[in-house]
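Here the structure comes first, spelled out in structure tokens, and everything after it is commentary.
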Amino acid sequence: MRVVHVTEFGGPEVLSVVEAPEPQPGPDQVIVALAFADVLFLDALIRSGGWATRHFARTPPFVPGTGGVGTVIAVGTGVDRAWLGRRVLAAAETGYAEQIAVYVGQLLPVPDEVDDQTAAALLHDGATAAALDRLGEPRRGQWVLVTAAAGGAGSQLVQLAAGAGARVIAAASTGDKRAFAEKLGAEITIDYTQPGWDDQVRTVTGGGVGLAYDGAGGGLATATLSTVVDGGRLVTYGTTNGFASLDYDDVTRRGIDIITPVASGALTDEHLPNAARALALGAEGRLRPVISAVYRLEHAADAHRDLEARKLIGKALLAIT
């Protein structure tokens, strides 16, 4: 079968398609023939050999990815054979491959109402959005800021907050991305690459937002925090620029509730329940991930280049078959 290997840490060019033996299921495992694999910016961060590589402990050569959607074609000992032939969402430590071995506890049946591409797009960004929506608890009439609002998770947070009746401000870096967020339900859009963007947020809201989602991390989280009113809530999950850099003395003084689900491990620990909720929201039509690009397996390097160049709006996927 074909897989994508990270041969060494570096740029997208270190991704290469190679032939590998088909996996065999171990006890409590199944083999999933993937149709689509999820592609995350985190994959590119790990491939590059930066801070994310150390955090997620990957060593070349390895097959990147975090799972996808496909069909169960084989089962190991201890697995109910009723799984054979089922369409599933599989959370794994690999994904850029035609077949992957997955423990049965990491599978979710895909509802008939959800197509393969939508299911793959909900695996991580949908699960993240569902979890952050639950943690943030956007309320009707509340001002809610979503940064990185055109990304895979951010675009779905815009939908969920707007669906809850919140007044959504979407912060994104280009006109196309801001127009995209507006179509998803954002009331106001702002360019957060421009100096003073946080001042704009405070001006249009008359003081600040009650809830902010930080989808970038690093120093940008500081500006996002400054838009939150005293007693408000900041949910910071972005890792593009590293984990959020915040003045916790200021946070305490202002009585702001800081939620860090990535750093605390909450997203990882509860990933399957969150993904199941995302699938249910997708089946109900309340969560509709926008897939902007689908790449063939052999073009995985192009997917990483476009992600790193911030060219994509919404989700990117790899088509395996």
Side-chain angles (χ1 to χ4, degrees), residues 38-45 50-52 121-122 124-133 135-136 138 143-162 166 168-195 197-198 200-201 209 211-228 233-246 258-263 267 278 287-293 303-304 306-316:
D38 194 11
V39 181
L40 301 174
F41 194 87
L42 179 61
D43 298 342
L45 290 174
W51 69 269
L122 291 172
H124 292 286
D125 287 331
T128 296
L132 298 179
D133 176 67
L135 293 169
W143 281 109
V144 175
L145 170 65
V146 180
T147 67
S155 61
Q156 295 180 61
L157 281 171
V158 170
Q159 293 179 47
L160 291 172
V168 179
I169 301 175
S173 59
T174 69
D176 287 346
K177 290 180 178 180
R178 293 190 292 276
F180 169 69
E182 189 172 1
K183 290 179 181 178
L184 295 177
E187 182 175 334
I188 294 171
T189 63
I190 286 179
D191 182 352
Y192 71 161
T193 68
Q194 296 301 309
W197 73 270
D198 48 336
Q200 293 182 54
V201 173
V209 300
L211 168 64
Y213 293 108
D214 163 43
L220 193 59
T222 303
T224 304
L225 173 63
S226 74
T227 69
V228 180
R233 178 174 294 182
L234 171 67
V235 182
T236 174
Y237 68 97
T239 57
T240 303
N241 300 313
F243 288 119
S245 176
L246 303 174
I258 303 292
I259 300 171
T260 57
V262 175
L267 291 182
L287 199 52
R288 301 176 303 279
V290 179
I291 300 160
S292 62
H304 280 216
D306 290 347
L307 279 170
E308 291 176 315
R310 306 294 197 276
K311 289 183 178 180
L312 302 180
I313 296 175
K315 278 295 301 174

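Start at 1 with the first residue, then count along the sequence. Atom set for the values below is all heavy atoms of this structure, side chains included, hydrogens, waters and symmetry mates excluded.
- Judged purely by distance below 3.5 Å, without hydrogens or angles, the side chains of Asp198 and Thr227 never pair a donor atom with an acceptor atom.
- Partners of Lys315 according to the side-chain hydrogen bond (donor to acceptor under 3.5 Å, both in side chains) rule, which considers only residues two or more places apart in sequence or in another chain, are Asp38, Asp125.
- Rounding to the nearest 0.5 Å places OG of Ser155 at 10.0 Å from CD1 of Ile291.
- Glu182 meets the side-chain hydrogen bond (donor to acceptor under 3.5 Å, both in side chains) test with no other residue; sequence neighbours excluded.
- Judged purely by atom type and a 3.5 angstrom limit, Gln159 uses its side chain to pair as donor or acceptor with the backbone of Arg288.
- In terms of the side-chain hydrogen bond (donor to acceptor under 3.5 Å, both in side chains) criterion, residue partners of His124 (sequence neighbours excluded) are, by chain and number, Thr66.
- Under the 4.5 Å side-chain criterion, counting only non-hydrogen atoms from C-beta, Leu312 is in contact with Ser292.
- Here the shortest heavy-atom pairing between Gln156 and Ala121 reads NE2-O, 3.9 Å.
- Looking at Tyr213, its side chain does come within 3.5 Å of a backbone N or O of Leu132 through a donor-acceptor pair.
- Taking 4.5 Å as the limit, some side-chain heavy atom of Val209 sits within range of a side-chain heavy atom of Ile169.
- Leu145 is not listed as a side-chain neighbour of Leu211, based on a closest heavy-atom distance of 4.5 Å or more.
- Listed for the Arg233 side chain is no donor-acceptor partner under 3.5 Å among the backbone atoms of Ile259.
- With a 4.5 Å cut-off on side-chain heavy atoms, Val235 and Pro261 count as touching.
- For the residue pair Asp176/Thr174, the side-chain donor-acceptor check at 3.5 Å is not satisfied.
- Expressed to the nearest 0.5 Å, how far CD1 of Ile188 lies from CZ of Arg178 amounts to 13.5 Å.
- Looking only at side-chain heavy atoms (C-beta outward), Tyr192 and Leu220 come within less than 4.5 Å of each other.
- Between Thr147 and Trp197, the closest side-chain pair of non-hydrogen atoms falls below 4.5 Å.
- Shown here for Val168 and Ala161, the closest heavy-atom pair between the two residues is CG2-CB, 3.7 Å.
- Shortest non-hydrogen contact noted between Asp43 and Val39 is OD2-CA, 3.7 Å.
- The closest side-chain heavy-atom distance from Leu225 to Ile258 is below 4.5 Å.
- Considering CD of Gln194 and CD of Gln200, their distance stands at 8.5 Å, rounded to 0.5 Å.
- Closest non-hydrogen pair, Ala127 versus Ala278, comes out as N-CB, 3.8 Å.
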Quick one: do Phe41 and His304 satisfy side chain to side chain contact (heavy atoms under 4.5 Å, CB included)? Show the steps, please.
CA-CA 8 Å; Phe41 194 87; His304 280 216; over 6 Å; no

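- Residues Val290 and Leu184 meet the side-chain proximity criterion, which asks for heavy atoms closer than 4.5 Å.
- Within the 3.5 Å criterion, the main-chain N or O of Ala170 finds no donor-acceptor partner in the side chain of Thr189.
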Yes or no on side chain to side chain contact (heavy atoms under 4.5 Å, CB included) for Tyr237 and Leu157, after CA distance, side-chain angles and deciding distance?
CA-CA 12 Å; Tyr237 68 97; Leu157 281 171; 3.7 Å; yes

